Amino acid sequence: MTQQIAHILVVEDDPNVSDVVRRYLEREGYRVTLAADGLSGLAEYRSGRPDLVVLDLMLPKLPGIEVCRALRIESEVPVIMLTALGDESDRIAGLSVGADDYLSKPFSPRELVLRVAAVLRRAVRTEAAERPGEQLTDGELILDPGSRVATLRGTKLNLTVREFDLLEFLLRHPGQVFSRAELLERVWDWTFGDQSTVTVHVRRLREKIEDAPAQPKRLVTVWGVGYRFEATS
């Protein structure tokens, strides 16, 4: 992906929105495929294997939530979800099924382009050239930044781009407390935004790295402040 044009799939049923998004993305050099409903969006993904999916939440034939859930079963492709303005429950639902990022409608096409670029940057495997063979570990939890693979007790963890980034950041700073705002800025590259994004990703990450997610031993809450990664070894 670093040496070739990134391929973006836009699944959006409003032709005006999809056309504007396509033009802005193509202007930045991306290759863009459009789909107008959930079922065709899944079909386009399976045939074209794009590098990133821009996915509307409200879609005919198959809702965006179900499309995202299906994508997460099949792959770790980054997903940016488009949601209705001010509907927090929809945003949280999208993040809960594995979306990496979201934008609320109406949105700025330029902001979407920036979000796409940021997510793709984090999906590119740049660490291998800088620190070949580096591993971050906590007991049987092993993370390889170069290959972007994390394992627990020898089993590969199915992490989204953002979940991997969050786990890597926390493993690099064991024992340090970070507020949700700090994590939003340092992991998501956002200087503003809905901090519930962090909360949802922390919950999803706990479900994957903790034996008892409701009583976490690694990714602990520091009440009134934020979160801390507590090394167990």
Side-chain angles (χ1 to χ4, degrees), residues 53 55 57 63-84 86-104 115 118-119 122-123 136 138-143 145 148-153 155-190 192-232:
V53 178
L55 178 64
L57 187 68
I65 289 289
E66 296 305 320
V67 174
C68 189
R69 185 174 283 115
L71 290 175
R72 278 295 160 260
I73 293 172
E74 299 180 21
S75 77
E76 298 172 7
V77 63
V79 176
I80 297 178
M81 188 161 279
L82 306 179
T83 69
D87 196 334
E88 183 179 13
S89 62
D90 283 347
R91 295 198 299 272
I92 291 177
L95 294 169
S96 295
V97 296
D100 296 277
D101 205 344
Y102 74 87
L103 276 177
S104 297
R115 295 285 182 91
V119 173
R122 290 189 173 276
L136 303 173
D138 177 45
E140 295 179 293
L141 175 63
I142 301 173
L143 183 143
R148 292 188 67 86
V149 170
T151 60
L152 180 61
R153 302 185 187 96
T155 300
K156 181 181 177 181
L157 297 174
N158 184 23
L159 302 179
T160 68
V161 171
R162 294 297 193 189
E163 289 166 359
F164 188 96
D165 294 340
L166 179 59
L167 180 57
E168 179 183 358
F169 179 81
L170 293 170
L171 277 170
R172 291 189 185 280
H173 302 87
Q176 296 185 41
V177 181
F178 297 95
S179 68
R180 292 192 301 170
E182 288 173 324
L183 290 172
L184 202 61
E185 181 173 358
R186 300 185 66 174
V187 177
W188 276 258
D189 291 330
W190 298 0
F192 63 92
D194 184 355
Q195 294 180 11
S196 65
T197 298
V198 177
T199 306
V200 173
H201 278 79
V202 166
R203 185 177 73 233
R204 285 180 55 83
L205 198 51
R206 281 173 172 162
E207 291 171 353
K208 298 176 182 181
I209 69 171
E210 300 281 3
D211 292 329
Q215 298 176 313
K217 293 183 177 180
R218 285 189 167 102
L219 214 176
V220 300
T221 299
V222 181
W223 295 106
V225 183
Y227 302 102
R228 179 181 69 239
F229 190 89
E230 195 70 52
T232 60

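Please read all numbers here as calculations on a predicted model, not as lab measurements. Reckoned from all heavy atoms, side chains included, excluding hydrogens, waters and symmetry mates.
A distance-only check finds a donor-acceptor pair linking the side chain of R206 to the backbone of L219 [under 3.5 Å]. When atom types are taken as modelled, the side chain of R218 and the backbone of I209 share a donor-acceptor pair closer than 3.5 angstrom.
For R69 and E66, the salt-bridge test passes: some basic side-chain N is under 4.0 Å from an acidic carboxylate O. The existence of a salt bridge linking R72 and D100 is confirmed by a sub-4.0 Å separation between a basic side-chain nitrogen and an acidic carboxylate oxygen. A salt bridge links R153 with D211; the closest basic N to acidic carboxylate O contact falls under 4.0 Å.
Between the CG atom in L57 and the CG atom in L82 there is a gap of 9.0 Å [rounded to 0.5 Å]. To the nearest 0.5 Å, atoms CG (D138) and OG1 (T232) are separated by 3.5 Å. A distance of 9.5 Å separates CD1 of I73 from CG of L71, quoted to the nearest 0.5 Å. Rounded to the nearest 0.5 angstrom, K208 NZ and T155 OG1 are separated by 14.0 Å. Taken from CZ in F178 to CZ in F229, the straight-line distance is 12.5 Å, to the nearest 0.5 Å. Atom-to-atom distance recorded for E168:CD and L136:CG is 6.0 Å, nearest 0.5 angstrom.
For the residue pair T199 / R180, a side-chain donor-acceptor distance below 3.5 Å is found, with atom types taken as modelled.
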Query - Pair Y102-T197, side chain to side chain contact (heavy atoms under 4.5 Å, CB included): steps then yes or no - result: CA-CA 9 Å; Y102 74 87; T197 298; 3.2 Å; yes
**Report entry** side chain to side chain contact (heavy atoms under 4.5 Å, CB included) evaluation trace for Y227 with V198
**Finding:** CA-CA 10 Å; Y227 302 102; V198 177; 4.2 Å; yes
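Using a 4.5 Å heavy-atom threshold, the side chains of V187 and L170 count as separate. Side-chain contact between V177 and E182: absent, with no pair of heavy atoms (C-beta onward) separated by less than 4.5 Å. V200 is listed as a side-chain neighbour of R204, based on a closest heavy-atom distance under 4.5 Å. Residues V67 and V53 are not in side-chain contact: their nearest non-hydrogen atoms beyond the backbone lie 4.5 Å or more apart. Proximity of L143 to P145: side-chain heavy atoms (C-beta onward) are separated by under 4.5 Å at one or more points. N158 places a side-chain heavy atom less than 4.5 Å from the side chain of E76.
The environment of E74 atom CD is dense: over 12 non-hydrogen atoms of other residues, nucleotides or ligands sit within 6.0 angstrom.
A pairwise comparison of heavy atoms in F164 and V149 identifies CE1-N, 3.5 Å as the closest pair. Contact detail for G139 and I142: the closest heavy-atom pair is O-CG1, 4.4 Å. Taking all atoms of both residues into account, the shortest heavy-atom contact from L141 to L167 is CD2-CD1, 4.2 Å. The minimum heavy-atom distance between D165 and R148, with the atom names listed, is OD1-NH2, 3.0 Å. Heavy atoms only, all atoms of each residue included: C68 and G98 are closest at SG-C, 4.0 Å.
Under the rule for a side chain to side chain donor-acceptor pair (under 3.5 Å), E210 has no partner lying at least two apart in sequence or in another chain.
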